[in-house]
Protein chains: 2
Amino acid sequence: MSLKHAILGFLSFQPMTGYDLKKAFDHSVQFFWPANQSQIYRTLADLNEEGLVKLEIIAREERLDMKIYHLTIAGQAEFHRWLSTPLPHQDYREAFLIQVYFGGKIGDPETILLLQHMIQDVESALAQLVAMYQIYMEKIEQADARRDLFFNMLTLEYGISSNQAALNWLNSVQDRLKAGSYSPLELKDLTR
Amino acid sequence: MSLKHAILGFLSFQPMTGYDLKKAFDHSVQFFWPANQSQIYRTLADLNEEGLVKLEIIAREERLDMKIYHLTIAGQAEFHRWLSTPLPHQDYREAFLIQVYFGGKIGDPETILLLQHMIQDVESALAQLVAMYQIYMEKIEQADARRDLFFNMLTLEYGISSNQAALNWLNSVQDRLKAGSYSPLELKDLTR
DNA sequence: CTGTCCATGTAAGGCGTTACATGATTGT
DNA sequence: ACAATCATGTAACGCCTTACATGGACAG
């Protein structure tokens with residue numbers, strides 16, 4: 001369960017509330033592991049039952065108690081175990097490719113429209129990732145925690161290069177359809 | 001709901017049983033939309049309730065009836081509607097990137113091990129896709145349904161180039177860690 | 001005679017999403 | 001005065017996974 005371990009990961013930097021965790025997700029791992037609020041609260045309850053986190057309760061009259069979650073020793077151990085254990089192979093789902101797969105069933109103009117939407121999506125995702133990357137670039141210049149930042153940036157590198165690959169492919173498909181050419185690419189152009 | 005529409009897509013070529021559909025998935029869209037058997041049967045039941053498919057029942061004494069699913073007119077219409085409608089943006093989840101993100105918490109040797117496992121996974125996925133691609137390449141040479149095959153191949157192109165991008169990144173990370181260098185890549189090397 | 005293929009499903013559980021619900025504090 | 005932020009959760013639903021269950025036909 002990756003969400004559990006991502007939470008443990010954040011708590012290993014510092015104790016936090018569920019609310020803080022939600023923000024931490026949104027500002028960092030969001031693009032490869034989004035988490036919504038209700039999920040975070042439920043998972044924190046689970047982690048507590050499993051003894052991987054413990055909570056410090058701050059009573060506030062007239063409001064719900066504030067709960068600050070801390071890693072336990074067991075939580076730390078579990079996080080380290082997970083962090084150095086290869087994950088089983090993961091399935092990917094790309095609904096858009098289903099549309100492409102059956103593209104023969106509709107006309108090229110319709111497919112080109114779909115591609116254009118997709119291109120916009122990917123371009124805006126790419127722009128966001130690039131913007132984040134540039135911020136990191138500045139931060140890493142004069143940083144103490146250079147090594148930590150480096151690993152954070154690696155995920156952005158992944159995001160940028162995979163979105164770039166998708167974009168290149170989308171453009172190539174669009175070009176071919178516009179040219180009325182139904183020619184697959186050469187393998188050697190795909191693998192490099 | 002993409003599974004529903006993928007099923008409609010397959011049925012638009014020819015009527016099939018649930019069993020046939022499972023095989024169709026496994027031999028074609030598996031790598032970007034895996035579907036398991038129980039899911040397919042349940043979804044077929046739903047499609048039937050919605051009037052998008054109808055079933056021809058073949059009674060076989062001493063065994064469960066065999067059910068051949070046909071698209072209805074409504075099913076065809078719904079499939080075409082879906083096929084030419086842009087999909088809302090999709091979230092992606094890459095558990096492996098969570099491990100990378102928190103890579104600073106463990107030592108480089110452990111991370112390198114994780115990378116090596118990942119590289120193996122990606123390489124074998126890539127090899128499978130390339131093999132499928134080559135089979136298609138031969139088929140498309142002397143085909144009547146050249147256009148349909150072309151769209152099928154496009155999804156493989158996508159799979160190959162995105163896996164290749166992932167592989168390049170994995171190797172680059174591994175090289176840097178082995179060299180003890182915590183330097184992010186230049187943006188210009190990522191976007192092209 | 002053993003295993004794989006054909007062909008059907010049910011049951012239970014896990015993870016994620018969306019919508020609902022509350023209420024104080026801080027900023028414009 | 002109004003909106004956004006801080007801070008907590010619950011309920012219901014949807015999709016997917018894993019395991020379980022049945023049984024004939026056919027090939028080695």
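Throughout, a chain's letter reflects where its sequence line sits, starting with A, and its residues are numbered from 1.
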[X]/[Y] ion pair, N-O < 4.0 Å:
X	Y	answer
R93(B)	D91(A)	no
K105(B)	E110(B)	no
K22(B)	D26(B)	yes

Between F25(B) and F10(B), is the ring centre distance below 6.0 Å?
yes
Determine the interplanar angle of the W82(B) and F79(B) rings, folded into 0 to 90°, and report it as parallel if under 30°, tilted if 30 to 60°, perpendicular if over 60°.
parallel
Any side-chain N or O of R93(A) less than 4.0 Å from the OP1 or OP2 oxygen of dG16(C)?
no
Is there a residue in residues 12-37 of chain A whose heavy atoms reach under 4.0 Å of DNA chain C, and which residues are they?
W33(A), N36(A)
Over all strands shown, is Y69(B) touching base, sugar-phosphate only, or nothing at heavy-atom distances under 4.0 angstrom?
sugar-phosphate
Report which part of the nucleic acid S38(A) touches: base, sugar-phosphate, or nothing (heavy-atom distance under 4.0 Å, all strands).
base
Whole angstrom is fine here: how far is it from [atom1] in [X] over to [atom2] in [N]?
X	N	atom1	atom2	answer
Q39(A)	dC15(D)	CD	C1'	14 Å
I40(B)	dT10(C)	CD1	C1'	16 Å
E56(A)	dA7(D)	CD	P	13 Å
Q90(B)	dG16(C)	CD	P	15 Å
M1(A)	dG14(C)	CE	P	10 Å
D46(B)	dC13(D)	CG	P	15 Å

Just by distance, no angles: are the side chains of Y182(B) and D108(B) close enough, under 3.5 Å, to form a donor-acceptor pair?
yes
Given dT8(C), dT17(D), dT17(C), which nucleotide is nearest the side-chain atoms of R42(A)?
dT17(C)
